[in-house]
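Report on one structure; see the data block that follows.
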Amino acid sequence: MTEINSVTTLTRDGDVAIVTLNSPPVNALSANVRDGLYEGFKQAIDSDAKAIVLICEGRTFIAGADITEFGGAMKGASLPDVQAMMENSPKPVVAAIHGTALGGGLEVALCAHYRVAVPSARLGLPEVNLGLLPGAGGTQRLPRIAGVEKALEMVTSGRHAPAKEALAMGLVDELVEEGKLKDGAVAFARKLVAENKPLVKVRENNAKLEEAKGKPEIFAEFRKKNARKFRGFLAPEYNIRCIEAAVNSNSFEEGLAVERKLFMELMTGPQSAAQRYYFFAERTAQKIPDVPDDTPTRPVKKVGVLGAGTMGGGIAMNFLNVGIPVTIVELKQDALDRGLATIRKNYERSRGAVPEQTEQRMSLLTGSLSMDDFADCDLIIEAVFERMDIKKDVFAKLDGIAKPGAILATNTSYLNIDEIASATKRPQDVIGLHFFSPANVMKLLEVIRADHTAKDVIATSMKLAKQIGKVAVLAGVCPGFIGNRMLSQRQREANKLVLEGAMPWDIDRVLYDFGFPMGPFAMSDLAGLDIGWVKENSKGETLRDVLCEMDRRGQKTGAGFYDYDENRTAKPSPVTEKIIQDFRAKKGINARTISDEEILERCIYPMINEGAKILEEGKAIRPSDIDVVWVNGYGWPVYRGGPMHYGDFVGPDKVLAKMKEFQGAMGDDFKPAALLEKLVAEGKKFSDLKA
Ligand code: CAA
Ligand code: NAI
């Protein structure tokens with residue numbers, strides 16, 4: 001065995017040289033890895049071996065470029081040098097893939113002459129999710145193997161294709177038995193030698209490109225079909241252009257040059273900076289300074305859910321989906337029946353629904369009218385009406401029923417979890433698990449730590465969140481926690497702006513153009529204006545009161561802030577406009593013209609300011625956690641990183657100056673957070689704050 005460097009070895013199995021990488025956690029292409037590959041291949045080529053296998057130790061093949069190196073000075077062998085060394089090898093090179101071959105990892109594998117993989121492996125070019133494109137020939141080589149249409153789909157979705165599909169695409173030449181990758185790859189290499197197989201260079205393979213030549217409609221249709229999905233993002237369009245270049249260029253090099261240029265543009269632009277920031281934000285959110293990774297967790301083998309309403313049903317589905325049995329308890333039989341029927345319907349209507357799977361999941365679900373049936377549950381999640389008296393009553397009862405050590409969780413949106421916990425004699429077992437609606441779909445889970453919540457309860461909740469496919473963020477107890485607390489700032493300003501002179505659709509348009517999937521008024525119409533509205537108590541004091549009294553309750557009644565046609569297409573409503581004008585007249589407000597810029601700043605800056613307050617109160621661990629909440633729970637465009645990243649992008653000084661200006665004109669809704677003042681005084685940004 002030759003040790004090439006700290007992460008690379010060169011070994012032999014008879015005639016076959018084996019270059020092995022071992023650079024945990026994911027064998028990313030750091031300078032060290034590139035050096036090792038370059039030198040390893042050089043020595044293998046110089047040796048008397050007849051073929052060369054590239055394989056990785058640990059959980060995965062190369063998972064891509066080392067994202068932590070982005071933006072820094074380039075050191076070590078360049079990736080193109082490594083690729084050229086492999087591709088120009090006079091001996092067949094076989095990439096042996098397990099885990100994931102992603103981004104630069106797949107681009108390296110595409111410079112081998114052949115690829116073998118175990119069935120569990122997955123291959124993809126996920127750069128688009130970092131606001132990038134595969135900058136090492138991926139956009140030029142993939143269509144040469146998989147064809148233009150498949151390549152377009154792969155690079156713009158960033159999807160990881162399973163090995164079997166990769167085999168069908170030609171991306172992998174042979175599958176080898178799980179757990180026997182090295183032996184399989186060596187045998188494959190030996191066969192290549194014995195049968196004198198050609199050294200296949202993907203770059204020279206133009207047949208699939210020829211098929212697409214002179215057919216610009218392929219690209220036009222693809223763009224049209226995905227326009228909504230790609231809206232606002234630069235990277236998908238740039239990826240498409242690269243594949244266009246692969247088809248239309250006169251040579252591989254010419255296409256590569258286009259790829260290089262567009263890659264650099266993305267890499268130095270704000271969108272990719274935001275998306276790369278976000279990649280780490282999501283992972284950092286899993287780290288809790290005083291609850292280290294090795295904190296013991298409690299086993300959760302059975303879950304109880306109290307309340308089978310909007311949230312309870314969706315919450316239950318998360319656990320059924322991963323095979324954890326759930327007992328769901330309601331007050332009355334009809335509510336229980338309705339709840340169970342909704343869960344079944346959701347399964348039946350979900351994409352790719354298979355009847356056996358629905359039955360299998362439903363078989364894990366038990367409905368009951370008695371909380372006593374929670375006695376054997378390891379975790380009980382309460383999702384009953386949002387009223388403190390009811391929650392306390394329910395938790396006092398749970399205290400008497402739940403087994404020792406069971407975790408008692410509440411899905412409350414706003415209520416004080418310390419107070420809820422005080423109804424039990426085991427506040428250390430009480431935590432907030434704030435799911436978002438629809439709870440079976442939305443990725444975000446706010447995990448709320450109360451005063452007495454035990455560390456292993458937090459650790460268990462974070463782990464469980466991952467198991468059910470959620471992105472968890474830890475928050476402290478305060479009204480609305482992180483997300484809703486900041487949202488209420490935006491909502492307040494949106495409502496004020498309407499009174500002052502803007503129309504709901506002006507505000508929605510500005511926020512939509514910023515990148516949100518919809519604005520606050522379209523959102524209200526979708527959710528229903530009458531959520532929490534009680535006819536008997538309505539005094540016609542708010543716009544919502546008036547709209548609801550007129551039975552304009554949102555999309556479901558065909559009208560709300562907007563008018564809707566039979567396809568539920570929204571149109572600005574003259575009726576709403578008149579109501580608003582009357583409302584202003586009644587309050588003696590003279591409407592003024594409000595600029596888009598003011599709308600944006602009034603809606604967004606108070607949110608950033610509130611985020612600063614949340615941080616200074618210690619209700620979020622770090623600014624990036626807040627961003628994870630907003631991207632996953634509220635549709636904040638990931639290419640803008642999140643509100644706190646955006647605050648840094650605009651500049652905390654600019655945010656502060658505007659808040660002060662607004663405060664002077666409109667009062668203390670705009671009072672700057674002390675932390676914002678401090679950052680500006682010290683010339684710092686939110687990203688300078690350490691957890
Ligand atoms: N660079 C640096 N670090 C990386 C990394 C990368 N490409 N990919 C993952 N990591 C780190 C993570 O930050 C994490 O670190 P911590 O344990 O310190 O938090 C660790 O590796 C494990 O990652 P995950 O927690 O995500 O592990 P997982 O098993 O859930 O997922 C994975 C593994 C599928 C590889 C996932 O990490 C992933 O999708 N990584 C990104 C892959 C990617 O985008 N590659 C393309 C890079 S860009 C490129 O290659 C440009 C080019 O064209 C040259
Ligand atoms: P819902 O009204 O749809 O469902 C509540 C259910 O709880 C009802 O079916 C009711 O019969 C049942 N219930 C009430 N008291 C009960 C008791 N003592 N025992 C058993 N069942 C009882 O309400 P929803 O929307 O599901 O909200 C539940 C909780 O989730 C609330 O705390 C709410 O703030 C929170 N939440 C709601 C979100 C939403 O978008 N709807 C989002 C996140 C949290």
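Counting convention: from 1, in listed order, for ligands and their atoms alike.
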Give the atom numbers and elements of ligand 2 that come within less than 4.0 Å of a heavy atom of [X].
X: Ser413; result: 33 (C), 34 (O), 35 (C), 36 (N), 37 (C), 43 (C), 44 (C)
X: Lys391; result: 31 (C), 32 (O)
X: His434; result: 43 (C), 44 (C)
X: Thr412; result: 32 (O)
X: Gly309; result: 3 (O), 4 (O), 6 (C), 9 (O), 26 (O)

Which heavy atom of the protein is the closest neighbour of [atom], given with residue, atom name and distance?
atom: atom 17 (C) of ligand 2; result: Leu331 CD2, 3.4 Å
atom: atom 2 (O) of ligand 2; result: Phe385 CE2, 3.4 Å
atom: atom 10 (N) of ligand 1; result: Val26 CG2, 3.8 Å
atom: atom 43 (C) of ligand 2; result: Phe435 O, 3.2 Å
atom: atom 5 (C) of ligand 2; result: Ala383 O, 3.6 Å
atom: atom 9 (O) of ligand 2; result: Glu330 OE2, 2.4 Å
atom: atom 30 (O) of ligand 2; result: Asn411 ND2, 2.9 Å
atom: atom 11 (C) of ligand 1; result: Pro25 CG, 4.1 Å
atom: atom 40 (N) of ligand 1; result: Phe279 CZ, 3.6 Å
atom: atom 3 (N) of ligand 1; result: Asp66 OD1, 4.4 Å
atom: atom 20 (C) of ligand 2; result: Leu306 CD1, 3.5 Å
atom: atom 34 (C) of ligand 1; result: Leu102 CD1, 3.9 Å

Checklist line | Lys NZ or Arg CZ of Arg276 over Phe280 ring: under 6.0 Å, within 45° | finding: no
Check: On the ring face of Phe516, is Arg490 found with NZ or CZ under 6.0 Å from the centre and within 45° of the axis?
Finding: yes
Check: Could any protein non-hydrogen atom be found less than 4.0 Å from atom 40 (O) of ligand 2?
Finding: yes
Next item on the list: Taking atom 32 (C) of ligand 1 as the reference point, report whether a protein heavy atom occurs under 4.0 Å from it.
Entry: no
Check: Where on Leu132 is there a heavy atom closer than 4.0 Å to ligand 1, on the side chain, on the backbone, on both, or on neither?
Finding: neither
Item checked: Contact partition for Ile67 relative to ligand 1, non-hydrogen atoms under 4.0 Å -> both
Counting heavy atoms only, which of [options] comes nearest to [atom]?
atom: atom 18 (O) of ligand 1; options: Lys287, Arg283, Glu69; result: Lys287
atom: atom 42 (C) of ligand 1; options: Pro24, Ala65, Ala63; result: Ala63
atom: atom 1 (P) of ligand 2; options: Val305, Val384, Thr310; result: Thr310
atom: atom 52 (C) of ligand 1; options: Met267, Arg59, Glu127; result: Glu127

Can you find an N/O atom of [X] closer than 3.5 Å to an N/O atom of ligand 1?
X: Leu79; value: no
X: Lys466; value: no
X: Phe263; value: no

Check: Which is it for Lys332 and Asp334 under the salt bridge (Lys or Arg N to Asp or Glu O under 4.0 Å) test, yes or no, and what are the steps along the way?
Finding: CA-CA 6 Å; Lys332 298 211 175 79; Asp334 61 337; over 6 Å; no
Distance-only polar pair, side chains of [X] and [Y], donor-acceptor under 3.5 Å:
X: Asp373; Y: Ser370; result: no
X: Asn321; Y: Tyr347; result: yes
X: Thr60; Y: Thr100; result: yes
X: Glu178; Y: Ser120; result: yes

Margin query: I'd like to know whether Glu107 forms a salt bridge (Lys or Arg N to Asp or Glu O under 4.0 Å) with Arg141, so could you lay out the CA-CA distance, the side-chain angles of the two residues, the decisive distance to 0.1 Å, and finally the verdict.
Written below: CA-CA 8 Å; Glu107 291 175 299; Arg141 287 190 178 88; over 6 Å; no
Check: So is Thr60 in contact with ligand 1, going by heavy-atom distances below 4.0 Å?
Finding: no
Next item on the list: Check if Gly138 has a non-hydrogen atom at a distance under 4.0 Å from any atom of ligand 1.
Entry: no
Tell me which part of [X] gets within contact of ligand 2: side chain, backbone, both or neither, using heavy atoms under 4.0 Å.
X: Thr410; result: neither
X: Met371; result: neither
X: Val394; result: side chain

Item checked: N or O contact, Glu386 vs ligand 2, cut-off under 3.5 Å -> yes
Check: Can you check whether Met311 has an N/O within less than 3.5 Å of an N/O in ligand 2?
Finding: yes
Determine the minimum heavy-atom distance between [X] and [Y], stating which atoms define it.
X: Tyr634; Y: Leu487; result: CE2-CD2, 3.9 Å
X: Met442; Y: Asn632; result: CE-O, 3.6 Å
X: Ala285; Y: Arg622; result: CA-NH1, 3.7 Å
X: Leu256; Y: Gly137; result: CD1-CA, 3.5 Å

Margin query: Looking at Lys463, I'd like to know if its NZ atom is crowded, meaning that more than 12 non-hydrogen atoms belonging to other residues, nucleotides or ligands lie closer than 6.0 Å.
Written below: no
Item checked: Short N-O contact, Glu165 and Lys150, less than 4.0 angstrom -> yes
